[in-house]
Amino acid sequence: MSVHDDKDRPQARHDHNDGGAAPGHDHNAPDSGPTLRVKALEALLIEKGIVEADALDALVDTYEHRVGPRNGARVVARAWTDPAYKKRLLADATAAIAEAGVAPGLEGEHMVALENTPKVHNLVVCTLCSCYPWPVLGLPPVWYKSAAYRSRAVSDPRGVLRDFGVELARGVEVRVWDSSAELRYLVIPMRPRGSEKLSVDELAAIVTRDAMIGTAIVKYPPAPAGG
Amino acid sequence: MSVHDDKDRPQARHDHNDGGAAPGHDHNAPDSGPTLRVKALEALLIEKGIVEADALDALVDTYEHRVGPRNGARVVARAWTDPAYKKRLLADATAAIAEAGVAPGLEGEHMVALENTPKVHNLVVCTLCSCYPWPVLGLPPVWYKSAAYRSRAVSDPRGVLRDFGVELARGVEVRVWDSSAELRYLVIPMRPRGSEKLSVDELAAIVTRDAMIGTAIVKYPPAPAGG
Amino acid sequence: MNGIHDLGGMDGFGAVIHEAGEPVFHAPWERRMFAMTIALFGRRAFNVDEFRHAIERMPAADYLRTTYYEHWLHGCERLLIEKGVVTAGELSAAYAANGGPDGMALPARATPPSPATAARRPRAAQDKKPRARFRVGDRIVARILNPPGHTRLPRYARGRRGVVRRDHGVFVFPDTSAHGGGANRQHCYTVEFAGRELWGRDYPAGERVMIDLWEDYLEAEKVPSRRITMQPAGNPRTVAKPARIATAKAKTGSRMRTR
Amino acid sequence: MNGIHDLGGMDGFGAVIHEAGEPVFHAPWERRMFAMTIALFGRRAFNVDEFRHAIERMPAADYLRTTYYEHWLHGCERLLIEKGVVTAGELSAAYAANGGPDGMALPARATPPSPATAARRPRAAQDKKPRARFRVGDRIVARILNPPGHTRLPRYARGRRGVVRRDHGVFVFPDTSAHGGGANRQHCYTVEFAGRELWGRDYPAGERVMIDLWEDYLEAEKVPSRRITMQPAGNPRTVAKPARIATAKAKTGSRMRTR
């Protein structure tokens with residue numbers, strides 16, 4: 001866990017020399033990239049006691065190292081191997097996810113699980129911003145927040161799946177879920193043929209993040225490095 | 001008329017050294033602003049005999065000095081003073097505009113005149129690009145082609161008119177014409193009170209370009225410098 | 001194509017900034033770019049639908065940040081290369097050359113064509129005229145169409161009900177003409193939409209938006225209701241009413257990509 | 001607000017580029033920006049609806065060209081100033097200071113709150129629950145709404161017919177909550193739209209888009225038709241069906257600006 005030492009701490013000087021326009025819009029000042037503005041903002045908020053540096057460190061550590069897709073993979077593996085659990089998961093995902101030991105938290109208060117079947121493939125997007133189920137999948141990948149994905153997922157889902165190398169059979173119906181409110185969605189991919197003998201942990205290991213968004217199919221043996 | 005002398009002519013060298021990607025997308029090459037690319041494009045097209053420099057000069061001269069809003073102002077002044085002409089103008093604007101001595105031409109093949117009345121105010125826009133009645137109004141002003149105008153003219157016309165300092169009375173109905181096809185529109189503004197004694201020429205002189213788009217009202221005596 | 005160019009009804013661009021007494025061109029290169037484009041239309045290097053579509057395909061952020069004649073520059077460069085009139089290599093070479101001091105002698109001067117006829121576009125057909133499917137007063141719905149290619153049906157009108165106010169006759173259909181799919185000439189109508197139908201029932205009652213729409217963009221409103229006979233807005237002129245026969249509907253590009 | 005953020009159904013952004021095994025954060029400043037924003041939520045400096053709306057109000061070209069956490073930076077800077085938590089002057093001074101070598105000593109360390117509870121948002125109401133106006137299986141139309149302010153009703157769904165598939169209970173209404181207009185808690189439903197209804201009849205038959213929509217975004221479909229009783233997509237769970245009484249419809253912002 002990369003604990004911040006003091007020299008990294010952003011500094012804030014308190015002398016109000018000029019009330020210049022908010023720096024947010026000054027694109028060509030030297031080194032005006034986000035680094036400087038974020039450092040300044042943090043310094044100011046810390047100085048005013050609005051945020052504490054350690055709390056920030058803890059939040060970074062939580063979402064960079066503790067909360068991630070492995071949580072969701074455990075839920076999927078359990079659903080694959082425990083029909084009663086899958087029933088509970090599909091009925092009340094928020095409770096079933098907590099039951100699987102995933103700490104409830106931000107962006108996971110109202111979970112819905114979506115089961116992929118031979119007939120129906122589910123795909124999750126947030127066309128308006130980046131809504132995503134943090135507790136089970138961690139923070140969203142850049143592509144999930146991109147204009148390319150957000151624009152076409154709802155109008156050309158098969159085209160988007162092709163961008164991920166996934167070609168769905170003609171007969172499979174695609175259901176796209178636009179997370180436009182407080183609900184957060186977890187796709188339960190189909191269990192791959194040939195994985196019958198794997199343990200729950202071994203199954204969890206082959207479940208990729210993308211498969212839990214709906215932009216990938218779980219393969220066994222797993223394809224080389226994937227999202 | 002600023003005739004081009006040779007030294008301004010863009011040069012084209014014919015040695016194909018590298019088939020680099022089209023320069024169109026190279027934003028940070030030195031002096032890569034449009035000036036250089038336009039010069040290069042013109043040189044290439046002239047060298048390949050696709051366009052002739054004099055023809056370009058003539059087109060510039062036509063649309064910078066000969067074709068402009070004074071053409072439309074003449075049509076409006078005549079419509080104000082000759083009811084029979086106005087009837088013909090409202091019935092077949094293309095013919096009536098030609099009758100007023102305005103040479104038909106590009107972006108004026110299918111004209112429609114829109115009469116402002118105490119009850120109805122017309123406003124013209126092209127939400128998709130910049131469609132505009134060149135023969136009567138010349139080339140469109142920058143604001144007509146701006147995202148701000150094109151986006152709000154259809155959904156908040158009164159707000160846009162306020163941006164031009166025009167406040168319509170509550171009872172006046174606003175009709176916005178989106179030039180989405182081949183039709184080009186000329187607004188016939190209301191003749192201002194007090195201009196009864198003016199000659200046709202004097203009337204034409206007080207008709208502003210913006211009034212013929214619908215973003216201004218013709219005043220008499222005319223307001224200080226306006227669009 | 002649902003591109004950034006389809007701005008009708010968007011928010012966030014602020015007040016309209018207008019420059020009193022602005023010049024026709026704001027820089028010498030704008031003069032040349034304007035003239036070149038018109039000349040290229042005259043030479044049939046590309047048609048106006050292809051040109052618009054080339055501009056629509058600009059990356060959205062570039063489209064919003066660049067000026068109008070930079071759009072034209074982008075459109076011309078792109079189409080000239082796509083149509084093989086010039087190669088990317090030639091363009092880069094000319095581009096590099098114009099950074100340099102010397103260059104090739106220019107071809108001798110030719111008599112310039114008169115500007116007015118420089119680029120006649122046979123947009124309105126003179127010959128065989130397809131029958132009109134709609135008449136002034138007809139209640140229609142703008143179809144829900146989302147072709148991946150060029151269209152002149154703005155998104156803010158799709159699925160909305162309107163009334164045909166005027167039949168302007170037959171014109172080349174942009175959605176096919178921009179993609180080498182032929183003229184597919186068909187009637188084009190001014191259709192009146194109530195502001196409330198477009199923007200919601202909270203919208204002031206009187207406001208109307210008139211949009212010029214090709215026949216393929218329209219379908220008769222399903223709910224049979226008495227025909228509107230009130231005085232049409234704008235011009236009283238109505239085209240003679242030919243009998244209504246459904247013409248074969250041009251196959252508009254399906255939403256799903258086959259590439 | 002019909003802003004650039006409302007991307008559903010747009011074209012022109014090309015193929016989805018996805019980086020295999022990408023890191024959670026792509027730069028140190030992204031770590032800090034993420035954590036600061038979550039902490040500010042925890043401090044109730046602003047709510048999530050205000051935050052989203054601040055980002056929606058970015059100039060469209062900037063929104064498209066900047067990265068995700070630059071959006072967060074913009075949103076926080078803007079809201080902190082608008083809400084008077086910091087002044088532009090303080091921000092500029094801090095900004096200038098951080099170009100400089102020395103700076104102020106930082107306040108002593110305090111015990112950090114546990115991340116999980118750091119920013120609880122009371123989104124779902126526990127107390128008095130407004131009645132649901134719709135039930136699973138109801139045929140609805142997404143209203144034609146174009147409020148100048150924040151909304152979670154995507155443009156591509158407005159005016160389109162759908163079927164209520166699930167009632168998720170009562171939630172804070174973003175369109176008022178983003179503008180200090182109160183929680184205005186109301187039911188939120190998953191509504192199923194056929195792909196053809198959204199994108200046109202050429203669209204493949206089976207495809208569906210499910211959108212989560214607040215009650216104020218919906219109205220019953222006018223044409224009386226038999227209720228759908230087919231097996232709802234997704235979860236069989238349906239909320240107990242309370243009697244349907246029309247709740248007072250929250251006044252959504254009218255399209256016309258009064259400023």
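All values derive from a computational prediction rather than experimental measurement.
Between B/A91 and C/R166, the closest heavy-atom pair is O-NH2, 4.2 Å. When every heavy atom of C/L7 is checked against every heavy atom of B/A147, the shortest pair comes out as CD1-CA, 3.7 Å. Between B/P157 and C/E207 the shortest heavy-atom distance is CG-OE2, 4.2 Å. Residues C/I211 and B/S180 share a closest heavy-atom pair of CG2-OG, 3.3 Å. A pairwise comparison of heavy atoms in B/V142 and C/E22 identifies N-OE2, 3.0 Å as the closest pair. Listed here is the closest heavy atom pair of B/A43 and C/N98: CB-ND2, 3.9 Å.
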inquiry  = B/W134 vs C/F34, test: ring pair (Phe, Tyr, Trp, His ring centres under 6.0 Å). Steps then yes/no.
reply    = CA-CA 13 Å; B/W134 292 2; C/F34 165 75; 5.7 Å; yes
key: side chain to side chain contact (heavy atoms under 4.5 Å, CB included) evaluation trace for B/V112 with C/H168   = CA-CA 10 Å; B/V112 174; C/H168 294 286; 4.0 Å; yes
Worked verdict on C/E30 versus B/V38 for side chain to side chain contact (heavy atoms under 4.5 Å, CB included) = CA-CA 8 Å; C/E30 288 196 345; B/V38 170; over 6 Å; no
inquiry  = Please evaluate residues C/V209 and B/W177 with respect to the criterion side chain to side chain contact (heavy atoms under 4.5 Å, CB included), reporting the C-alpha separation (whole Å), side-chain torsions for both, the decisive distance (0.1 Å), and the verdict.
reply    = CA-CA 6 Å; C/V209 179; B/W177 302 73; over 6 Å; no
task = Decide yes or no on side chain to side chain contact (heavy atoms under 4.5 Å, CB included) for C/C188 and B/H110, but give the supporting numbers first.
result = CA-CA 12 Å; C/C188 182; B/H110 312 286; over 6 Å; no
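A heavy-atom distance below 4.5 Å is found between the side chains of C/W199 and B/V154. B/R150 has its side chain out of reach of C/V16: every pair of non-hydrogen atoms, C-beta onward, lies at least 4.5 Å apart. A 4.5 Å side-chain heavy-atom check between B/E182 and C/W214 finds at least one atom pair inside the cut-off. The shortest distance between side-chain heavy atoms of B/L45 and C/M36 falls below 4.5 Å. Residues B/D178 and C/P154 meet the side-chain proximity criterion, which asks for heavy atoms closer than 4.5 Å. Two residues are said to be in side-chain contact when any heavy atoms from C-beta on lie closer than 4.5 Å; B/R152 and C/F13 fail this criterion. Side chains of C/Y95 and B/L44 form no contact here, defined as non-hydrogen atoms less than 4.5 Å apart. The shortest distance between side-chain heavy atoms of C/P204 and B/E173 does not fall below 4.5 Å.
Note on B/K48 versus C/E90: salt bridge recorded, some NZ/NE/NH1/NH2 to OD/OE distance being below 4.0 Å.
We find the CD-CZ distance between B/E64 and C/F25 to be 5.5 Å, quoted to the nearest 0.5 Å.
Taking the salt bridge (Lys or Arg N to Asp or Glu O under 4.0 Å) definition, one finds that C/R196 meets it with nothing, sequence neighbours left out.
Not one N or O on the side chain of C/R52 forms a donor-acceptor pair closer than 3.5 Å with the backbone of B/L128.
C/I17 touches chain B through its backbone: at least one of N, CA, C or O sits under 4.5 Å from a heavy atom, while the side chain does not. Contact annotation for C/I4: neither backbone nor side-chain heavy atoms come within less than 4.5 Å of a heavy atom of chain B. Residue contact with chain B, scored on non-hydrogen atoms closer than 4.5 Å, involves the side chain of C/T190 exclusively. Within the 4.5 angstrom heavy-atom criterion, only side-chain atoms of C/H26, from C-beta onward, approach chain B.
Inspection of the B/S155 and C/Y156 side chains reveals no N or O donor paired with an N or O acceptor under 3.5 Å. No donor-acceptor contact under 3.5 angstrom links the side chains of C/Y203 and B/D156, judged on distance only.
Ranked by heavy-atom pairs under 4.5 Å with chain B, the list C/L198, C/L213, C/V85 is led by C/V85.
Between C/H18 and B/F164, the ring planes are parallel. Angles under 30° get that label, and only those over 60° would be called perpendicular.
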